[in-house]
Amino acid sequence: DALLPAPQSISILSTNMKHFLTWSPVIIQGATVRYSVEFQGEYEREYANGSWIPISECSLTTATVCNITEDISATVAYKLRVRAELGATRSQWSTTKGFFNRAMTSLTPPLLRAVADGHHLLVELADMGPSFQFRVLYWKKGQESRVQQKVLKEVSSVVHLDTMEAGAEYCVKAQTHVEAINRSSSFSPTQCVRAQGDTSVWLV
Amino acid sequence: KIFHLGACRVSMSMTEIRAGFTAIKAKIQSRDPVRTLSILSHPHSLHKVKSSDRCCMAHQLFTFYVDKVFKHCRTEDSFVNRKISSIANSFLSARRKLRQCHEQNNCVCGEESTEKFKQILANYEGLNVTSAAMKSLGELDILLDWMEKSR
């Protein structure tokens with residue numbers, strides 16, 4: 001087995017609770033090298049004799065990336081390892097240095113679009129998966145001290161925030177929150193929209 | 001979700017545990033050869049545990065599953081093994097929170113819950129370890145339903 005070099009530069013990329021293991025390819029002229037990935041949670045280390053569990057979607061794969069999201073499904077410390085395989089020959093395992101905990105994922109601000117639908121202030125939020133809640137802040141421009149908040153535990157594509165005064169401008173920003181790791185993203189850039197109509201119409 | 005277990009308030013994400021269990025429940029329960037006996041519900045249901053004893057009982061049951069059950073449930077099915085790992089690691093994370101409360105002496109283990117837990121261990125020891133572990137895993141929804149009642 002030592003003839004086949006182990007994969008190098010093994011690392012975990014994790015954004016918005018989606019986790020991927022990546023590694024550099026093992027190059028053998030004229031041959032197709034395949035890879036197999038296994039994971040080990042804190043439970044396996046502490047209670048199951050340090051056992052490793054194969055990820056079937058990344059067994060004998062030619063890709064150099066593996067989606068480990070489904071298996072990193074608890075807020076504990078995980079280790080990952082990958083090895084190269086060529087026919088019956090297998091390399092040594094390359095194991096992640098240190099541990100990975102999903103609490104380390106990087107959280108990006110949500111994509112949002114503020115919409116003025118006549119006198120109604122609406123917001124469109126991109127769905128980010130079941131782990132995500134949204135905290136939406138909105139206010140009438142010029143009245144920054146009277147910010148209102150709406151917490152959305154589930155995302156429907158469009159959310160009604162408020163009824164606006166005619167011709168007034170309203171601003172919106174939002175952040176995500178992931179309860180499983182008890183962390184929030186930074187806020188999205190603020191977006192402002194103007195309500196239809198003008199004040200004189202209301203004075204009649 | 002916040003669970004009110006006697007004097008303890010513990011936040012745990014049960015959704016992922018429930019989803020992991022639902023994905024393998026049929027496969028696990030099909031491996032349970034002894035249908036006439038229950039580990040968790042014999043002779044008395046968990047729902048009879050007094051609310052003041054819930055924290056202690058929850059901590060004992062999570063410890064029971066972590067220490068005695070999951071490790072004996074390894075199968076030849078990779079999908080099942082991955083889901084068991086997911087549940088086991090989530091239990092480990094949840095038990096850590098339960099232990100914090102338990103250690104702050106907010107958890108009183110009354111006579112009834114002590115007796116109830118002894119009965120569960122006796123039911124477990126009454127079977128060979130693999131059957132007992134597989135049956136206990138198959139009854140996980142009994143524990144989850146009981147926990148959900150504490151929300």
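Chain naming here is simple, since letters A, B, ... match the order of the sequence lines and numbering starts at 1 in each.
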*Are A:R83 and A:E85 within salt-bridge range, i.e. N to O under 4.0 Å?*
yes
_Donor-acceptor side-chain pairing of A:H119 and A:T163 below 3.5 angstrom_ = no
*Measure A:I72 against the heavy atoms of chain B and call it side chain, backbone, both or neither at under 4.5 Å.*
neither
*asked:* Is it the case that the ring center of B:F70 lies less than 6.0 angstrom away from the ring center of B:F91?
replied: yes
*asked:* Would you say the rings of A:F99 and A:Y78 are close, in the sense that their centroids are separated by under 6.0 Å?
replied: no
_Contact class of A:E38 relative to chain B, heavy atoms under 4.5 angstrom_ = neither
*Taking the six-membered ring where the residue is Trp, are the ring centres of B:Y124 and B:F64 under 6.0 Å apart?*
yes
*Answer with side chain, backbone, both or neither: which region of A:E42 has an atom nearer than 4.5 Å to a non-hydrogen atom of chain B?*
both
*asked:* Quick one about A:T62 and A:R34 (side-chain donor to acceptor, distance below 3.5 Å, no hydrogens or angles considered), yes or no?
replied: no
*asked:* I need the residue from B:L92, B:N89, B:V66 with the largest number of non-hydrogen atom pairs under 4.5 Å to chain A.
replied: B:N89
*Are there residues of residues 10-28 of chain A that reach to under 4.5 Å of chain B by heavy atoms, and which ones?*
none
*asked:* Assess whether a salt bridge exists between B:K27 and B:E76, defined as any Lys/Arg side-chain N lying under 4.0 Å from an Asp/Glu carboxylate O.
replied: no
*Which atom pair, heavy atoms only, marks the closest approach of B:A23 to B:F79?*
O-CE2, 3.8 Å
